[in-house]
Novice: 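Before we start, here is the structure in question, set down as structure tokens.
Sequential numbering from 1 along the given sequence is applied to the chain's residues. Every number for a ligand or one of its atoms is a count from 1 in the order of the listing.
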Amino acid sequence: MTKDFLHITDLTTAEIWDIFRLAEEVKGKLKGREHYHPLHDMSLAMIFVKPSARTRISFETGFYRLGGHALYLDPASIGIGKREPVKDIARVLSRFNDLIMARLYDHEHILELAEHATVPVINALTDYNHPCQIMADMFTIYERRKRLDDLKIVYVGDGNNIVHSWLRLAARLPFRFTVACPKGYLPDEETVDLARQAGLSEITISHNPVEAVKDADVIYTDVWASMGKKEETGERRARFMGFQVTAELMAATGKDTWFMHCLPAERGIEVTAEVMEAPSSIVFDQAENRMYVQNAIMLKLLGKA
Ligand code: CP
Ligand code: NVA
């Protein structure tokens with residue numbers, strides 16, 4: 001097992017399946033209110049430079065439910081990279097805590113944190129990727145379908161951090177993955193190549209959402225302007241015209257299709273309120289599963305399962 005979890009490709013295919021099986025087990029135990037405290041007396045330091053609801057709540061609650069204690073370190077007090085260098089924070093936290101989790105802007109900072117920390121580091125989103133989210137999303141699909149074969153996922157919108165994690169998952173598990181995005185908002189080319197070169201999944205990049213979604217089992221979207229890009233909101237709304245997930249786009253798949261979104265969602269922008277609230281929307285299952293999948297990842301990194 002890897003020391004840190006910074007990218008989905010830090011895991012092997014077998015380890016991904018192990019995490020899904022463990023997440024299922026942890027979910028059963030925690031939902032059944034079983035006394036299950038494998039992380040008793042352990043502590044998790046959570047560094048947040050970007051805002052968060054789900055990530056903070058799922059990590060803090062999840063670590064506590066496993067018997068440990070989680071500390072929330074807000075942007076102002078820790079000042080990573082500003083008040084002191086990343087490498088110093090890494091070494092200080094490693095002296096107190098058993099595990100570090102961080103949500104940062106700069107992907108280089110998470111790499112540096114992991115390099116200098118002597119305890120495991122988990123990436124809780126950077127400008128480049130969001131591995132915990134996509135692990136929870138694929139687990140959610142598996143939980144509902146009971147299998148992952150013959151699966152087509154179409155991501156409609158900005159080629160952002162969420163897409164990079166989907167592409168890295170596609171380098172470990174086989175599925176058809178299509179990204180429908182406007183020209184100029186493509187995912188990182190090297191990550192697309194990495195997914196293609198793994199030779200497991202079929203990767204398609206399209207600029208035509210209606211064509212792209214044909215036969216999709218899942219339509220996935222995310223905000224058009226991610227954290228750090230909010231000042232581009234107006235320009236992006238104009239450039240992303242035609243990429244909103246509507247009931248018509250859902251129907252264009254020609255089959256029953258689930259709607260997924262990592263949240264927070266902007267209703268009426270990247271997705272209509274109707275799609276968000278439809279029975280085919282599984283966005284809150286995704287949110288819930290963040291906790292169980294992250295718990296499984298933490299147990300594995302700490303050698304407790
Ligand atoms: N999906 C997700 O990571 O949500 P938060 O930004 O609220 O943590
Ligand atoms: N792409 C979004 C994901 C939020 C969970 C962002 O980075 O803001």
Side-chain angles (χ1 to χ4, degrees), residues 5-8 23 44 46-63 70 72-75 101-110 122-141 153 155-169 179-182 184-188 191 218-233 235-237 239-240 243-245 258-267 269-271 276 281-295 297-298:
F5 180 59
L6 309 181
H7 315 94
I8 291 183
L44 163 70
M46 305 191 298
I47 305 173
F48 281 91
V49 177
K50 283 182 176 177
S52 164
R54 276 146 294 274
T55 302
R56 176 184 175 180
I57 298 162
S58 58
F59 268 101
E60 190 166 329
T61 309
F63 204 79
Y72 171 69
L73 304 166
D74 66 88
M101 166 286 238
R103 164 168 288 199
L104 311 172
Y105 283 93
D106 192 341
H107 194 67
E108 288 302 315
H109 283 172
I110 197 99
I122 297 178
N123 176 354
L125 182 148
T126 65
D127 285 343
Y128 173 67
N129 66 347
H130 196 3
C132 294
Q133 177 72 52
I134 277 45
M135 285 290 286
D137 295 338
M138 196 54 128
F139 174 74
T140 305
I141 295 170
I153 299 174
Y155 176 97
V156 180
D158 183 28
N160 63 13
N161 44 8
I162 293 292
V163 178
H164 298 152
S165 285
W166 273 115
L167 287 166
R168 283 180 177 262
L169 183 61
V179 183
C181 59
Y185 296 90
L186 292 157
D188 169 59
T191 311
V218 171
I219 294 183
Y220 195 118
T221 194
D222 182 16
V223 289
W224 290 342
S226 286
M227 292 178 270
K229 300 235 185 293
K230 296 295 182 196
E231 74 287 350
E232 295 176 18
T233 296
E235 180 194 335
R236 282 173 176 256
R237 283 187 190 174
R239 300 291 303 275
F240 282 75
F243 286 82
Q244 187 185 60
V245 180
W258 287 317
F259 172 71
M260 299 181 81
H261 192 309
C262 56
L263 305 180
E266 295 186 32
R267 284 170 172 77
I269 309 296
E270 75 274 7
V271 58
M276 274 291 287
S281 166
I282 57 171
V283 299
F284 299 109
D285 292 342
Q286 292 173 252
E288 178 185 357
N289 282 332
R290 288 288 301 278
M291 185 168 97
Y292 305 116
V293 170
Q294 288 161 190
N295 277 1
I297 293 168
M298 293 193 286

Novice: Taking Lys50 first and then Asp127, would you say they form a salt bridge - that is, a charged N and a carboxylate O separated by under 4.0 Å?
Specialist: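 Yes.
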Novice: To check your reading of the model: name the closest protein heavy atom to atom 1 (N) of ligand 2, its residue, and the distance in Å.
Specialist: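 Residue, atom and distance for the closest contact: Asp222 OD2, 2.5 Å.
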Novice: Would you say ligand 1 has an N or O under 3.5 Å from any N or O of Leu125?
Specialist: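 By distance alone, the answer is no.
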Novice: How does Arg103 reach ligand 1, by side chain, by backbone, by both or by neither, if only non-hydrogen atoms under 4.0 Å count?
Specialist: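 Side chain only.
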Novice: Considering the heavy atoms of Leu125, write down every atom of ligand 2 situated less than 4.0 Å from one of them.
Specialist: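 The list of qualifying atoms is 3 (C), 4 (C), 5 (C), 7 (O).
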Novice: Does any N or O of ligand 2 fall below 3.5 Å from an N or O anywhere on Ser226, backbone included?
Specialist: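 In this structure, Ser226 places an N or O atom under 3.5 Å from an N or O of ligand 2.
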Novice: Does ligand 2 have an atom that lies less than 4.0 angstrom from a heavy atom of Thr55?
Specialist: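 Thr55: no contact with ligand 2 (<4.0 Å).
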Novice: Name the closest protein heavy atom to atom 7 (O) of ligand 2, giving the residue it belongs to and the distance to 0.1 Å.
Specialist: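 Answer, as residue, atom name and distance: Asn161 ND2, 2.8 Å.
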Novice: Does Lys50 have a non-hydrogen atom less than 4.0 Å from ligand 1?
Specialist: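 No heavy atom of Lys50 comes that close to ligand 1.
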Novice: For Lys50 and ligand 2, does the shortest N/O to N/O distance drop below 3.5 Å?
Specialist: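 Between Lys50 and ligand 2 (N or O atoms, distance only) the closest approach is not under 3.5 Å.
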Novice: Determine whether a donor-acceptor pair (N or O, by modelled atom type, separation under 3.5 Å) exists between the side chain of Gln286 and the backbone of His261.
Specialist: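 Here the side-chain-to-backbone pair exists.
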Novice: For the CD atom of Gln294 and the CZ atom of Phe63, what is their distance to the nearest 0.5 Å?
Specialist: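 Reported value, rounded in 0.5 Å steps: 12.5 Å.
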Novice: Could you say whether the N/O atoms of Met227 and ligand 2 ever approach to under 3.5 Å?
Specialist: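 Min N/O separation from ligand 2 is below 3.5 Å for Met227.
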Novice: I'd like to know whether the aromatic ring centres of Phe240 and Tyr185 sit less than 6.0 Å apart in this structure.
Specialist: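 Yes, ring centres under 6.0 Å apart.
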Novice: Would His130 count as a contact of ligand 1 if the rule is a heavy atom under 4.0 Å away?
Specialist: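 The answer is yes, since His130 has a heavy atom less than 4.0 Å from ligand 1.
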Novice: I want to know if ligand 1 touches Leu263 in the polar sense, i.e. an N/O pair below 3.5 angstrom.
Specialist: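 Looking only at distances, the answer is yes, because the N/O contact criterion of under 3.5 Å is met.
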Novice: Under 3.5 Å, N or O to N or O, is Asn160 touching ligand 2 that way?
Specialist: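 Yes, Asn160 has an N/O under 3.5 Å of an N/O on ligand 2.
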Novice: In ligand 2, which numbered atoms sit nearer than 4.0 Å to a non-hydrogen atom of Leu263?
Specialist: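 So the atoms of ligand 2 that pass are 5 (C).
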Novice: Which atoms of ligand 1 have any heavy atom of Cys262 under 4.0 Å away?
Specialist: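 Result: 1 (N).
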Novice: Could you tell me whether Trp224 and Phe243 have their ring centroids closer than 6.0 angstrom?
Specialist: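 Ring centres of Phe243 and Trp224 not closer than 6.0 Å.
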Novice: Decide whether an N or O pair under 3.5 Å exists between Arg56 and ligand 1.
Specialist: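 There is no such contact.
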